[in-house]
Each structure stands twice: as structure tokens, then as C-alpha cells.
Amino acid sequence: MAQILDGTRVRDDILSELKPRVAALAAKGRPPGLAVVLVGHHPASEIYVRNKVRACRELGIYSESVTPPGSVSTEELLGIVDQLNGRHDIDGILVQLPLPPQVDARRILLAVAPAKDVDGFHPCNVGSLVAGLPGPRACTPAGILELLKRYGIPIAGQRAVVVGRSDIVGKPVALLLLHEHATVTICHSRTPSLAAICREGEILVAAIGRPAMITAEFIRPGATVVDVGMNRIDNRAEAARIFRNSTEKMAAFDKKGSLLVGDVHPLDVAAAAGAYTPVPGGVGPLTIAMLMVNTVVSAERRTGLC
Ligand code: GUN
């Protein structure tokens with residue numbers, strides 16, 4: 001039986017470990033502060049931001065949501081970021097992506113003060129990651145490493161295959177695995193013989209955004225498989241195909257009208273992997289936990305506590 005890497009449990013552990021650090025900051029003068037900028041009405045982003053704000057509240061972190069309309073211009077958004085950069089009580093700034101097409105996302109990410117960049121997206125912080133220097137790391141990749149370490153999954157000397165080359169997940173997770181001495185291959189949509197390369201991975205990270213694409217022939221028997229995908233399936237026939245008409249899953253589909261599926265085939269991974277992250281309940285909860293870690297570290301730095 002494959003081991004399930006329970007992201008919810010690890011998230012709870014990380015958040016409990018943060019509580020005394022938040023309390024120490026509050027006792028010294030003020031709690032950590034996070035500003036989340038959410039532009040317009042993007043249903044998935046609204047859910048993510050709500051969860052981030054809730055995590056802050058549960059931990060005692062001050063949070064503030066700034067919600068400009070979807071028609072906001074680059075200049076207006078730069079003004080908002082600039083104002084947050086100057087705020088003494090704000091330690092972390094997160095501009096939720098994606099941004100609307102009229103906004104120059106690169107200019108916005110470049111405008112966030114590197115010391116408040118709790119997403120680790122600023123080129124200065126990406127440079128620190130590449131060079132192996134301290135600095136905030138992108139939350140989902142940092143969460144993946146935390147999960148692997150806390151479950152004692154060996155990384156050094158292992159072959160790791162990352163499918164997906166995004167700036168948010170694929171590239172940074174590959175670098176983090178490399179810094180832990182894995183032998184890392186990054187694959188993407190133009191990689192030939194993708195299944196054969198994936199099958200070499202003792203660690204396989206899927207961050208592609210295509211539901212259940214990683215099937216049995218991509219998975220080395222006994223591998224550790226990390227599924228970053230979060231795809232909502234609202235087509236009943238597609239859900240039936242993916243879950244091979246499982247009565248339990250189809251009943252869940254009929255109740256909710258949709259199912260969440262990762263980038264990895266949920267039945268194949270359970271049969272072939274040595275350990276894997278489920279969807280939901282795997283990588284997802286860790287992204288928010290690492291955002292809280294980055295916010296607390298930023299507050300500690302800015303108030304001289306570390
Ligand atoms: N959109 C999807 N994931 C993320 C993330 O980690 N940070 C931000 N800012 N936006 C996202």
C-alpha cells in the first residue's frame with residue numbers, strides 16, 4: 001500500500017509551531033501583518049484569498065485585503081503596492097495571480113519591496129534561490145520540500161523529475177530539490193518521451209495543470225509522487241472516465257456537480273507509487289502554511305527578532 005503524504009496534518013504542525021512566534025511578535029509590539037491584493041473577481045483566486053485571510057485570523061496575524069476592480073490599470077496597482085511598501089505594520093505583500101491582461105504583471109511583481117515579498121516572486125528573491133542564499137521561497141515549492149522532509153523521504157542522491165516549468169512551481173521546486181542534492185530533470189509540454197523520463201524519477205513532481213495526465217506508465221514503481229494539480233472536473237463523463245466509474249466517486253460527483261482532480265491519475269498513483277500526495281489534502285494546504293511562515297519570518301526580520 002502506498003503511503004499517503006498528508007498535507008493537512010503537516011500544515012497543522014507548521015501552524016502550531018508558528019503560534020508562539022506570532023505571540024512573541026505581538027508581545028514585542030505588534031503582530032505580523034499581511035496585505036493581500038486581489039484584483040477583480042476571479043472565482044478560484046477569491047477562494048484562495050479567503051483561505052489565506054482565514055489562516056491569518058486563526059494564527060493571530062493581522063491581514064488586510066485590498067480589492068481593486070478588474071479594470072485597474074498598471075499605474076493604479078503600482079500605486080497600491082507602493083503604499084503598502086511604505087506601511088510600517090505590513091510585513092508581507094501578496095499580489096494574487098493571475099492579474100487581468102491589461103496589467104503588466106512583471107512590473108507589479110518587481111514593485112513589491114523584496115523584504116516584503118512573501119511569495120518569493122521578486123527577481124531579487126528568485127536570484128537568492130538560484131544562488132542558494134537566504135530569502136523567501138515561493139510557497140508551494142517550499143511546502144513540497146517541507147512535506148518531503150517531514151515524512152523522511154530521501155532527496156539527496158535521488159533522481160527527481162519535475163513536470164512543468166512555471167515560475168511559481170516548476171522552476172523553484174526544481175532548484176530546491178537540486179539544493180538538497182537530488183539529480184533533477186525538468187520536463188514540459190515539448191519534452192519527447194515524457195513518460196519514459198518521468199518513470200526514471202524516484203521523486204516525481206507534477207505541476208502541469210492537466211487533469212489526471214500522469215498515468216501508470218509515467219510512474220516508477222515505488223516512487224514518491226507529488227501532485228500540485230488542482231483541476232475541477234464538472235463534466236460527468238470525464239469524471240466517470242478518470243475514476244473508472246467508481247460508485248463512491250460518482251456519488252460524490254452527483255452530490256457536488258464536480259470533483260477535484262490533480263495532474264496525477266488518482267487510481268494509478270495509489271497502485272504504483274511508494275508514497276504520494278492526495279488531491280485534495282496534499283500540497284494545497286501547505287501553500288498557505290508556507291505563506292504564514294514567510295510572513296512571520298519577514299516580521300521577525302523587520303522587528304529585529306531574528
Ligand atoms: N496564484 C496561484 N498560486 C499563487 C501563489 O502562490 N501566489 C500568488 N500571489 N498568486 C497565486
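Computed from heavy atoms alone, side chains included, the values below leave out hydrogens, waters and symmetry copies. Just follow the structure's listing: the first ligand is 1, and inside any ligand the first atom is 1. Residues: numbered from 1 along the sequence shown. These numbers come from a predicted model, not from an experiment.
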- Could Lys249 and Asp254 be called an ion pair, given the rule that one side-chain N must be under 4.0 Å from one carboxylate O? no
- Item | Polar contact flag for Ile168 and ligand 1 (N/O pairs, less than 3.5 Å) | no
- Note on the structure: protein heavy-atom neighbour closest to atom 10 (N) of ligand 1 works out as Leu97 N, 3.0 Å
- Applying the side-chain contact (heavy atoms from CB on, under 4.5 Å) test to Leu177, which of Val161, Ile144, Thr183, Val162 qualifies? Val162
- Message: Using a plain distance cutoff, I'd like to know if Thr140 has any nitrogen or oxygen under 3.5 Å from a nitrogen or oxygen of ligand 1.
- Response: no
- Task: Please indicate whether any nitrogen or oxygen in Phe121 is less than 3.5 Å from any nitrogen or oxygen in ligand 1.
- Result: no
- With heavy atoms and a 4.0 Å threshold, my read on which part of Leu94 contacts ligand 1 is side chain
- Query: What closest approach, in Å, do Met213 and Phe218 show between heavy atoms, and which atom pair accounts for it?
  - Reply: O-CE1, 3.7 Å
- Do you know which of Asp91, Thr303, Asp89 makes side chain to side chain donor-acceptor pair (under 3.5 Å) with Arg30? Asp91
- Task: Look at Arg50 together with Glu46 and state whether they make a salt bridge at an N to O cut-off of under 4.0 Å.
- Result: no
- Item | Distance-only N or O hit between ligand 1 and Asp119, under 3.5 Å | yes
- min-distance protein heavy atom vs atom 4 (C) of ligand 1 -> Gln96 NE2, 4.2 Å
- Do the charged groups of Arg107 and Glu75 touch, with an N to O distance under 4.0 Å? yes
